[in-house]
Amino acid sequence: FSQYFLRSLFFRIGGALLGACIFFLITNLGVWLFGNYSYNLEGFLLCYTLALPFFGYTVISTLIFSVVIETICKFSKYSFKHAN
């Protein structure tokens, strides 16, 4: 599955964002299941709605760190090729 994300920079950053989305869905499902909200549709939607501001920060940090890591990898490959 990881071979799919090796195609280009946009696929890798898209994969990082997909991972952030999956993390958001799973962790908030866990919060809802552990009883912090009522066990009905209203409690479920409230759980995810109240988590949305935190998800915004997650997406922003994922984008920033993905770009930084991609840039470091690109420059390290470039400098390693030209050092020899």
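- Closest of all the heavy-atom pairs between Tyr37 and Cys47 is CD1-CB, 3.6 Å.
- A continuous path of Ile, Leu, Val, Met, Phe, Trp and Tyr side chains, each step under 4.5 Å between heavy atoms, connects Leu29 with Leu25, placing both in one hydrophobic cluster.
- To the nearest 0.5 Å, the span separating OG1 on Thr58 from CG on Leu63 amounts to 11.0 Å.
- The distance from atom CG of Leu50 to atom CG of Leu45, rounded to the nearest 0.5 Å, is 10.5 Å.
- Taken together through direct or relayed side-chain contacts under 4.5 Å among Ile, Leu, Val, Met, Phe, Trp and Tyr, Leu41 and Leu46 form part of one hydrophobic cluster.
- Shown here for Tyr39 and Leu33, the closest heavy-atom pair between the two residues is OH-O, 2.7 Å.
- Between the Tyr57 side chain and the Pro53 main chain, no donor and acceptor come within less than 3.5 Å of each other.
- Atom CG in Asn28 sits 8.5 Å away from atom CG in Leu52 (nearest 0.5 Å).
- The CZ atom of Phe55 sits 9.5 Å away from the OG1 atom of Thr27 when rounded to the nearest 0.5 Å.
- Both Phe44 and Val31 are part of a single hydrophobic cluster, where members link through side-chain heavy atoms under 4.5 Å apart.
- Expressed to the nearest 0.5 Å, how far CZ of Phe65 lies from CD1 of Ile72 amounts to 10.0 Å.
- Taking the ring centroids of Tyr48 and Phe24, they lie under the 6.0 Å cut-off.
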